[in-house]
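Each remark here refers to the structure printed beneath this line.
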Amino acid sequence: MIESLKAQMADWKQTRSIILGFLEELSDADLDKILPRKVLNTIRLQAYELTLFQRDIVDSLSTLAVDFGAEYIYENWPTAKIIERMAELDDALEKKLNTMNGTEMIDYYGEQQNVHQIISSMIGHENMHIGQIIAFCYATGIEVPNCISEPMALEG
């Protein structure tokens, strides 16, 4: 894998580890607590949506076109199944990036973006959900796990 994509993979793995921390450390009751948001109104559903988004990004690396056209149907998967799916997608992402030279262009709704921009979009999307989840934890009294709060220097 080229160095710039290796760096992005390192960023991705750090970002993904935060979501995994929530999934591994929170109780089912906390993962399923209703949050003040439409549709993706639990941490579990937000984590599941991340697998759908990543699936579409990983697929775009082969098709060279991002297609979020398939309707996202949200399912309440058990935590272990979400974690397993994330691992599968992470493996597929890494394998595909190992074959790329960094110059690949991908159609993103009519705009040509290079592979680095697409990976940055995926990382940004995951980080947006992390911010929402942390805010929802504060708003609903869910304790942010130490594996997240300490490295991110979050207060209570």
Side-chain angles (χ1 to χ4, degrees), residues 1-61 66 68 72 74-98 100 102 104 106 108-109 111 113-156:
M1 187 181 305
I2 65 168
E3 290 304 312
S4 55
L5 289 174
K6 280 183 188 177
Q8 283 192 296
M9 275 303 297
D11 288 344
W12 171 250
K13 288 177 181 181
Q14 174 61 31
T15 299
R16 176 48 56 92
S17 74
I18 296 168
I19 292 294
L20 290 172
F22 279 112
L23 290 171
E24 293 167 349
E25 299 293 327
L26 294 181
S27 68
D28 284 338
D30 285 342
L31 290 173
D32 296 325
K33 190 171 193 174
I34 301 300
L35 308 173
R37 180 182 173 174
K38 296 178 182 175
V39 185
L40 298 176
N41 63 350
T42 68
I43 295 171
R44 184 184 310 278
L45 284 174
Q46 288 200 34
Y48 177 75
E49 189 271 344
L50 291 169
T51 68
L52 300 176
F53 189 89
Q54 185 182 4
R55 173 203 65 201
D56 290 345
I57 294 297
V58 170
D59 288 350
S60 78
L61 301 179
V66 175
F68 299 118
Y72 282 15
Y74 301 108
E75 299 181 33
N76 265 326
W77 280 7
T79 303
K81 187 172 179 180
I82 295 172
I83 292 170
E84 179 182 316
R85 181 64 175 144
M86 287 179 169
E88 290 168 1
L89 288 164
D90 289 348
D91 287 346
L93 173 66
E94 193 159 7
K95 284 178 184 161
K96 187 58 187 170
L97 291 179
N98 273 323
M100 303 184 108
E104 295 81 3
I106 298 165
Y108 190 86
Y109 293 100
E111 179 184 340
Q113 294 188 0
N114 69 38
V115 63
H116 295 91
Q117 291 171 292
I118 297 299
I119 300 305
S120 290
S121 173
M122 185 181 71
I123 294 168
H125 177 255
E126 191 114 346
N127 278 316
M128 180 270 303
H129 279 279
I130 290 168
Q132 282 187 359
I133 291 168
I134 290 169
F136 289 145
C137 285
Y138 288 147
T140 62
I142 298 171
E143 188 173 335
V144 176
N146 285 339
C147 68
I148 297 161
S149 63
E150 288 181 13
M152 295 185 82
L154 299 175
E155 296 178 6

Please step through side-chain contact (heavy atoms from CB on, under 4.5 Å) for the pair Phe136 and Ile34, ending with a clear verdict. CA-CA 10 Å; Phe136 289 145; Ile34 301 300; over 6 Å; no

What distance do [X] atom [atom1] and [Y] atom [atom2] have between them, rounded to the nearest 0.5 Å?
{"X": "Leu5", "Y": "Asn98", "atom1": "CG", "atom2": "CG", "result": "9.0 Å"}
{"X": "Gln132", "Y": "Gln46", "atom1": "CD", "atom2": "CD", "result": "5.0 Å"}
{"X": "Glu88", "Y": "Ile83", "atom1": "CD", "atom2": "CD1", "result": "12.5 Å"}
{"X": "Glu24", "Y": "Leu31", "atom1": "CD", "atom2": "CG", "result": "11.0 Å"}
{"X": "Asn41", "Y": "Asp32", "atom1": "CG", "atom2": "CG", "result": "10.0 Å"}
{"X": "Leu50", "Y": "Ile133", "atom1": "CG", "atom2": "CD1", "result": "6.5 Å"}

For Asp90, which of Lys13, Lys95, Arg85, Gln54 qualifies under side chain to side chain donor-acceptor pair (under 3.5 Å)?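 It is Gln54, the one option of Lys13, Lys95, Arg85, Gln54 that forms the side chain to side chain donor-acceptor pair (under 3.5 Å) with Asp90.
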
Indicate every side-chain donor-acceptor pair of residues 115-123 with a distance under 3.5 Å to a residue at least two apart or in another chain.
unit_1, atom_1, unit_2, atom_2, d
His116, NE2, Ser4, OG, 2.7
Gln117, OE1, Asn114, N, 2.7
Ser120, OG, Gln8, NE2, 2.9
Ser120, OG, His116, O, 3.1

Work out which heavy atom in [X] is nearest to a heavy atom in [Y]; give both atom names and the distance.
{"X": "Ile142", "Y": "Ile43", "answer": "CD1-CD1, 4.1 Å"}
{"X": "Leu154", "Y": "Val144", "answer": "CD1-CG1, 4.0 Å"}
{"X": "Met86", "Y": "Ala47", "answer": "CE-O, 3.5 Å"}
{"X": "Ala92", "Y": "Val58", "answer": "CB-CG1, 4.0 Å"}
{"X": "Gly21", "Y": "Pro145", "answer": "O-CG, 4.2 Å"}
{"X": "Asp56", "Y": "Phe68", "answer": "OD2-CD2, 3.3 Å"}

Note, [X] side chain near [Y] side chain (heavy atom, < 4.5 Å):
{"X": "Thr140", "Y": "Pro36", "answer": "yes"}
{"X": "Gln113", "Y": "Val66", "answer": "no"}
{"X": "Glu94", "Y": "Trp12", "answer": "no"}
{"X": "Leu89", "Y": "Arg55", "answer": "yes"}

Mind checking whether Phe53 and His125 have parallel, tilted or perpendicular rings, split at 30° and 60°? parallel

Apply the test side-chain contact (heavy atoms from CB on, under 4.5 Å) to residues Arg44 and Thr79: give CA-CA distance (whole Å), side-chain angles for both, the deciding distance (0.1 Å), then the verdict. CA-CA 8 Å; Arg44 184 184 310 278; Thr79 303; 2.9 Å; yes

I'd like to know if Lys6 pairs up with Glu3 as an ion pair, taking the criterion as any Lys NZ or Arg NE/NH1/NH2 lying under 4.0 Å from an Asp or Glu carboxylate oxygen.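 Salt bridge flag = yes for Glu3 with Lys6.
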
Would Leu93 and Leu61 count as a side-chain contact (heavy atoms from CB on, under 4.5 Å) here? Give the steps. CA-CA 8 Å; Leu93 173 66; Leu61 301 179; 3.8 Å; yes

Pair Ile19-Ile130, side-chain contact (heavy atoms from CB on, under 4.5 Å): steps then yes or no: CA-CA 7 Å; Ile19 292 294; Ile130 290 168; 3.6 Å; yes

